[in-house]
There are 2 protein chains.
Amino acid sequence: MSAPQGWEAIRAEVLRRIDSRVWAPGALIPTEEDLAAEFGCARATVNRALRELALAGVLERRRKAGTRVATHPVRKATLDIPVTRLEVVGRGQVYSFRLLAQTKAVPPLAVASRLGLAPGATLLHLRTLHFADAKPFLYEDRWLNPAVLPEGLPPDLAEMSINEWLVKTVAYTYGDISFSAANASPDEAAYLDVAPGAALFITERTTWAGEAPITLVRLAYGPGYRLHTQV
Amino acid sequence: MSAPQGWEAIRAEVLRRIDSRVWAPGALIPTEEDLAAEFGCARATVNRALRELALAGVLERRRKAGTRVATHPVRKATLDIPVTRLEVVGRGQVYSFRLLAQTKAVPPLAVASRLGLAPGATLLHLRTLHFADAKPFLYEDRWLNPAVLPEGLPPDLAEMSINEWLVKTVAYTYGDISFSAANASPDEAAYLDVAPGAALFITERTTWAGEAPITLVRLAYGPGYRLHTQV
DNA sequence: TGGGCTAATATGTCTGCACATAATAACCGC
DNA sequence: GCGGTTATTATGTGCAGACATATTAGCCCA
């Protein structure tokens, strides 16, 4: 019931004109100056509205060329990448986790190359099982570059999982995430307490701090897990 | 090699201070005014930089309370939701598709309620198979509200898939996406030419135009599909 | 005709100022 | 003390004007 005001009102009106085909996909829309005159506001205000829409993928803007309605509305969805503990707690469940193994090992070639490391370098290999209400929720397989840990691993891993401790301690500048699906291996099935071959939702994350690789982690979520977002 | 200038330089400097723990997670950072004085620029410029960082989840801002470094760096990843055809073509493969079935039917209760429709309303039910280089790539199961189609379905469905025609014709204002994993049903396995029970990557999308539901679609991607993004 | 220089133009960003808004802190009367 | 009102404060947004920059269109000359 609240009519937006200011730049949000302009964004809404522009969206409406696009939706109602007043401005067709691919068409050039008036300049910021013209729109500012029409709406009776400053150009900066129009700029703010159009910039947001360009960011959302609705408009395409180029200097001198002007602003046009995106031909292929590649909508951009933003999704939050929360820490596992908060994800569980946010569902109103009790979070806990168990460190299954912690070793130093030479990673498989695929892992080393994904991290841009020389083959043969040793990494920390951690495997953790996360629980929601004492039920297995997530199986985590992590390779960690010890070089980025100034003082080794934290003393107590009671409250916080490795991941949570990592994000608070080692700031990353660049990350890379992919989502996919995979059938549960016998091991994974046993850990997550599902039938072997069950479809798992897989998240793989690689993070760097500048040039130095930090970690590569594979998260296998049990059945029923959904990643959710809005556009 | 290019030192950023203007508000991007400020964003970079703020990020640096956070990464290097000059400003610890949870700590309050100086006000816009103070930072503007320090950097020798206008407050609006600082505002722009801090706003971007808040949008990215690095900072948390509240009026009067000030700006603090996010305690739990819930990084926000943005992912593009492209049209299937472009997704395939973008991989350098040849795109094609086949409409398997097109019927009018009363949807299951779950579908009707997700769309906010009265049970018993009839919808269009479309099932489509999409190919990449003549190999099955994606199985699409779509329920479509005929009320939003002013002139029925398009005449030729040769070039463009239903989805692509939809996004160009019926603009949506609100959407809802979820990703999950599921084992292939016998039908899906047959269509996608995989073993029954294979892990499929599932995307479910619901879209509305204002209050009116447009479509609910379930996309089942064959093995090997990855959704990819960066932070 | 064609290639390269130049001018025109729309967007990108900055400044300095103003007022609006939300949320906290201070205050005051009981 | 305590609860409720008021003042203060940091951010949110607006305006008008200016300059920067990318890109196009047109011009001129070989």
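Model, not experiment: these values are computed from the prediction.
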Self-check item: Sub-4.5 Å side-chain heavy-atom contact between B:Ile10 and B:Val46
Solution: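 Counting from C-beta outward, B:Ile10 and B:Val46 do come under 4.5 Å.
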
Quiz item: Using 30° and 60° as the class limits, which term best fits the ring planes of B:Tyr225 and B:Phe137: parallel, tilted or perpendicular?
Solution: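 The rings of B:Tyr225 and B:Phe137 stand perpendicular, inter-plane angle above 60°.
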
Self-check item: Heavy-atom donor-acceptor pair, B:Arg43 side-chain to D:dG12 base, under 3.5 Å
Solution: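 Looking at the base of D:dG12, it does pair with a donor or acceptor on the side chain of B:Arg43 (distance under 3.5 Å).
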
Quiz item: Has B:Asn47 got a side-chain N or O lying under 4.0 Å from the OP1 or OP2 atom of D:dG12?
Solution: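 Yes, such a contact exists.
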
Quiz item: Does A:Glu38 pair with A:Arg17 as a salt bridge, N-O distance under 4.0 Å?
Solution: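 Yes, this pair counts.
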
Quiz item: Can we say B:Arg91 and B:Glu87 salt-bridge, meaning some charged N sits less than 4.0 Å from an Asp/Glu carboxylate O?
Solution: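 Result for this pair is no, no salt bridge flagged.
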
Whole Å only: how far is the [atom1] atom of [X] from the [atom2] atom of [N]?
X: A:Lys64; N: D:dA20; atom1: NZ; atom2: P; result: 19 Å
X: A:Arg48; N: C:dT11; atom1: CZ; atom2: C1'; result: 17 Å
X: B:Arg51; N: D:dG12; atom1: CZ; atom2: P; result: 8 Å
X: B:Arg68; N: D:dA10; atom1: CZ; atom2: P; result: 13 Å
X: A:Arg62; N: C:dT11; atom1: CZ; atom2: P; result: 12 Å
X: A:Arg61; N: D:dT21; atom1: CZ; atom2: C1'; result: 14 Å
X: A:Leu59; N: C:dG12; atom1: CG; atom2: P; result: 11 Å
X: B:Leu50; N: D:dT11; atom1: CG; atom2: P; result: 8 Å

Quiz item: A:Ala44 near the nucleic acid: base, sugar-phosphate alone, or nothing, with a heavy-atom cut-off under 4.0 Å?
Solution: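 If one applies the 4.0 Å heavy-atom cut-off, A:Ala44 turns out to touch nothing in the nucleic acid.
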
Self-check item: Shortest non-hydrogen separation from B:Ile202 to B:Ala220 and the atoms involved
Solution: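 Closest heavy-atom pair between B:Ile202 and B:Ala220: CD1-CB, 3.8 Å.
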
Practice problem: Looking only at non-hydrogen atoms, find the nearest pair between A:Ala70 and A:Pro25 and report the distance. | Solution: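 Looks like O-CB, 3.9 Å.
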
Quiz prompt | Closest to the A:Thr45 side chain, choosing from D:dC15, C:dC14, D:dA22 | solution =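 For the A:Thr45 side chain, the nearest candidate turns out to be D:dC15.
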
Quiz prompt | Minimum-distance nucleotide (side-chain atoms of A:Trp7 versus C:dG12, C:dT15, D:dT13) | solution =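 For the A:Trp7 side chain, the nearest candidate turns out to be D:dT13.
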
Quiz prompt | Partners meeting salt bridge (Lys or Arg N to Asp or Glu O under 4.0 Å) with A:Glu32 (sequence neighbours left out) | solution =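 Partners of A:Glu32 under the salt bridge (Lys or Arg N to Asp or Glu O under 4.0 Å) test: A:Arg43, A:Arg61.
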
Quiz item: Can you list, by residue number, the residues of residues 30-39 of chain A that have a non-hydrogen atom closer than 4.0 angstrom to DNA chain C?
Solution: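 Correct list: A:Thr31, A:Glu32.
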
Self-check item: Position toward the 5' end of DNA chain D (nearest nucleotide), B:Ile29 or A:Ala42
Solution: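 This one resolves to B:Ile29.
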
